[in-house]
Amino acid sequence: MTPEQAAHDLAPAVLRVPGAFMMDGATFTRGGELGFDGLDFYIAGRGGALGDVPADVVAAALVFFSRDVVAPAWDRSAAVMPRRTAAEEWAKCAHAWAEANLPDGVDYGRLACLLGRVVRDASVASAPIFAGWRSLPEPSSDRALALHRLNAIRELRGALHGAAILTVGLSPLEAVIVRSPAMVGVFGWPEPYPEPEPLHDRWGLAEARTDRMVGRNLAVLDAAEREELVALTTALA
């Protein structure tokens with residue numbers, strides 16, 4: 001299996017499995033217990049990997065969210081706790097979700113090992129939240145560790161996809177309209193919205209470029225290991 005093909009085949013699990021903990025009710029409940037309102041824990045949890053930086057830095061790193069959503073949430077989070085602490089709490093939610101929801105019958109130790117090699121060797125170029133997440137404390141449980149490292153790959157892919165979107169001439173809003181139209185309001189983009197149909201070809205080109213860029217980081221594994229990684233993550237998705 002080539003690195004590029006592996007990146008393509010990994011994408012569903014990379015997006016869906018960590019995304020499930022982010023949208024889980026228990027995660028929002030924990031955010032409320034900590035003192036966050038609504039989407040603020042999401043913004044502070046992901047952006048907090050960068051530390052206490054200005055709001056525009058977080059908006060730049062999140063790419064697909066409007067600054068009008070990111071900046072107020074980021075500013076409100078300052079009164080709750082240091083942003084790096086928020087990222088650590090966000091990670092703990094991921095770990096707890098993994099223990100409660102990931103299925104039995106998966107070799108999580110092996111999955112964590114393969115993901116760990118990719119995460120350790122991956123370039124941080126254009127992927128600041130990935131770089132920050134990689135520096136957070138890792139859990140001791142194999143199940144939680146596998147999800148922790150899978151989320152690192154999610155942050156890496158998301159950052160590289162953001163770069164690819166811009167290189168094909170799409171705006172973040174246009175990308176959201178194509179990929180996740182139901183989320184466009186949550187991401188903070190106001191109407192009027194562009195028609196998605198003329199944007200699909202360029203979005204497909206960006207997706208192919210994303211696979212190519214992510215694939216470079218999977219080259220640290222040999223072909224058999226890449227196939228094994230795909231099989232293990234597919235079992236989760």
Worksheet item: Is a donor on one side and an acceptor on the other found under 3.5 Å between the side chain of Trp133 and the backbone of His148?
Response: yes
Worksheet item: Can any side-chain N or O of Glu227 pair as donor or acceptor with the backbone N or O of Ala224 at less than 3.5 Å?
Response: no
Discussion item. Show, in sequence, the C-alpha distance, side-chain angles and deciding distance for Arg149 and Ile153, and conclude whether the side-chain contact (heavy atoms from CB on, under 4.5 Å) test is met.
Written reply: CA-CA 7 Å; Arg149 290 176 175 173; Ile153 302 297; 5.9 Å; no
Worksheet entry | Nearest heavy-atom neighbours spanning Cys93 and Phe41 | SG-CE2, 3.8 Å
Fill in: Test side-chain contact (heavy atoms from CB on, under 4.5 Å) applied to His161 and Leu15, step by step
CA-CA 12 Å; His161 187 60; Leu15 296 173; over 6 Å; no
Quick one: side chains of residues 229-237, donor-acceptor pairs under 3.5 Å with protein atoms, not counting sequence neighbours, listed by atom name and distance.
{"from": "Thr233", "atom 1": "OG1", "to": "Leu229", "atom 2": "O", "distance (Å)": "3.0"}
{"from": "Thr233", "atom 1": "OG1", "to": "Val230", "atom 2": "O", "distance (Å)": "3.1"}
{"from": "Thr234", "atom 1": "OG1", "to": "Val230", "atom 2": "O", "distance (Å)": "2.6"}

Practice prompt. Keeping to residues at least two apart or across chains, list the ring pair (Phe, Tyr, Trp, His ring centres under 6.0 Å) pairs with something in residues 216-237.
Written response: none
Listing, residues 191-207 side-chain donor-acceptor contacts under 3.5 Å, not counting sequence neighbours, or none:
{"from": "Tyr193", "atom 1": "OH", "to": "Trp189", "atom 2": "O", "distance (Å)": "2.7"}
{"from": "Arg202", "atom 1": "NH1", "to": "Gly169", "atom 2": "O", "distance (Å)": "3.1"}
{"from": "Glu207", "atom 1": "OE2", "to": "Arg157", "atom 2": "NH2", "distance (Å)": "3.1"}

Worksheet entry | Glu138 CD to Leu136 CG distance, which is reported to the nearest 0.5 Å | 9.0 Å
Worksheet entry | Rounded distance [0.5 Å steps], CD in Glu99 versus CG in Leu147 | 9.5 Å
Practice prompt. Could you list all the salt bridge (Lys or Arg N to Asp or Glu O under 4.0 Å) pairs where at least one residue sits in residues 58-74, not counting sequence neighbours?
Written response: Asp56-Arg67
Worksheet item: What distance do Met213 atom CE and Leu160 atom CG have between them, rounded to the nearest 0.5 Å?
Response: 5.0 Å
Response to the item:
Shortest non-hydrogen pair, Arg209 vs Ala164, comes out as CB-CB, 4.1 Å
Worksheet item: Are Val14 and Leu156 close enough that some pair of their side-chain heavy atoms sits under 4.5 Å apart?
Response: no
Discussion item. Walk me through whether Glu228 and Arg110 qualify under salt bridge (charged side-chain N to carboxylate O under 4.0 Å, His left out).
Written reply: CA-CA 9 Å; Glu228 183 182 9; Arg110 179 59 174 164; 3.0 Å; yes
Worksheet item: Linking I/L/V/M/F/W/Y whenever any side-chain heavy atoms sit under 4.5 Å apart, do Phe21 and Val186 land together?
Response: yes
Worksheet item: Can you check whether Trp90 reaches Tyr42 side chain to side chain, under 4.5 Å on heavy atoms?
Response: yes
Worksheet entry | Reported CG-to-CG distance for the pair Leu10 and Asp211, which is rounded to 0.5 angstrom | 9.5 Å
Worksheet item: Is the side chain of Thr29 donor-acceptor paired with the backbone N or O of Gly25 at a distance under 3.5 Å, no angle test?
Response: yes
Practice prompt. Could you tell me which residues satisfy side chain to side chain donor-acceptor pair (under 3.5 Å) with Asp40, sequence neighbours excluded, listed by chain and number?
Written response: Arg76
Practice prompt. Would you mind reporting whether Pro3 and Arg216 have side-chain heavy atoms less than 4.5 Å apart?
Written response: no
Return all side-chain donor-acceptor pairs below 3.5 angstrom for residues 118-127, not counting sequence neighbours, or 'none' if the list is empty.
{"from": "Ser123", "atom 1": "OG", "to": "Ala125", "atom 2": "N", "distance (Å)": "3.1"}

Discussion item. Tell me every residue that passes side chain to side chain donor-acceptor pair (under 3.5 Å) with Thr85, counting only those two or more places apart in sequence or in another chain.
Written reply: none
Discussion item. With a 4.5 Å cut-off on side-chain heavy-atom distances among I, L, V, M, F, W and Y, is there a chain of contacts connecting Val106 to Leu145?
Written reply: no
Item to complete: Spell out, as yes or no, whether a donor-acceptor pair under 3.5 Å connects the side chain of Ser180 to the backbone of Met183.
Response: no
Discussion item. Just to verify, what does Arg154 make a salt bridge (charged side-chain N to carboxylate O under 4.0 Å, His left out) with, not counting sequence neighbours?
Written reply: none
Worksheet entry | His95 side chain near Ser141 side chain, heavy-atom distance below 4.5 Å | no
Response to the item:
For Arg83, the salt bridge (charged side-chain N to carboxylate O under 4.0 Å, His left out) test, sequence neighbours excluded, returns Asp52
Worksheet item: Are the charged groups of Glu155 and Arg46 less than 4.0 angstrom apart, N to O?
Response: yes
Worksheet item: What is the distance from atom CG of Asp37 to atom OG of Ser77, rounded to the nearest 0.5 Å?
Response: 11.0 Å
Practice prompt. Compute the centroid of each ring, for Phe187 and then for Phe65, and state whether the two points are separated by less than 6.0 Å.
Written response: yes
Practice prompt. Kindly write out the residues that satisfy salt bridge (charged side-chain N to carboxylate O under 4.0 Å, His left out) with Asp104, not counting sequence neighbours, or none if the list is empty.
Written response: Arg143
Fill in: pair Leu218-Glu4: side-chain heavy atoms closer than 4.5 Å
no
Worksheet, complete the sentence: So CD1 of Ile165 and OG1 of Thr210: to nearest 0.5 Å the spacing works out to 6.5 Å
Discussion item. Listing request: all ring pair (Phe, Tyr, Trp, His ring centres under 6.0 Å) pairs with a residue in residues 216-237, at least two apart in sequence or in separate chains.
Written reply: none
Worksheet entry | Side-chain heavy atoms of Leu150 within contact of Leu111, under 4.5 Å | no
Worksheet item: Does Leu170 reach the side chain of Val178, with side-chain heavy atoms less than 4.5 Å apart?
Response: no
Worksheet item: Which atom pair, heavy atoms only, marks the closest approach of Val58 to Gly47?
Response: CG1-CA, 4.0 Å
Discussion item. I'd like to know if Met81 and Ile43 are part of one continuous hydrophobic network [Ile/Leu/Val/Met/Phe/Trp/Tyr, side-chain heavy atoms within less than 4.5 Å].
Written reply: yes
Worksheet item: Taking side chain as C-beta onward, heavy atoms only, is Met22 less than 4.5 Å from Asn151?
Response: yes
Discussion item. Tell me whether Asn101 contacts the main-chain N or O of Trp97 through its side chain, where contact means a donor paired with an acceptor under 3.5 Å.
Written reply: yes
Worksheet, complete the sentence: Residues Trp74 and Ala55: closest non-hydrogen pair is CD1-CA, 3.5 Å
Practice prompt. Return the minimal non-hydrogen interatomic distance between Ala144 and Ala98, and the atom names on each side.
Written response: CA-CB, 3.9 Å
Item to complete: Please check if the side chain of Glu174 supplies one atom and the backbone of Ser171 the other of a donor-acceptor pair under 3.5 Å.
Response: yes
Worksheet item: In chain order, what residues pass the salt bridge (charged side-chain N to carboxylate O under 4.0 Å, His left out) check against Arg30, with sequence neighbours excluded?
Response: Glu33, Glu89
Fill in: Where Arg84 and Ser135 come nearest, the two heavy atoms and their spacing
NH2-OG, 2.7 Å
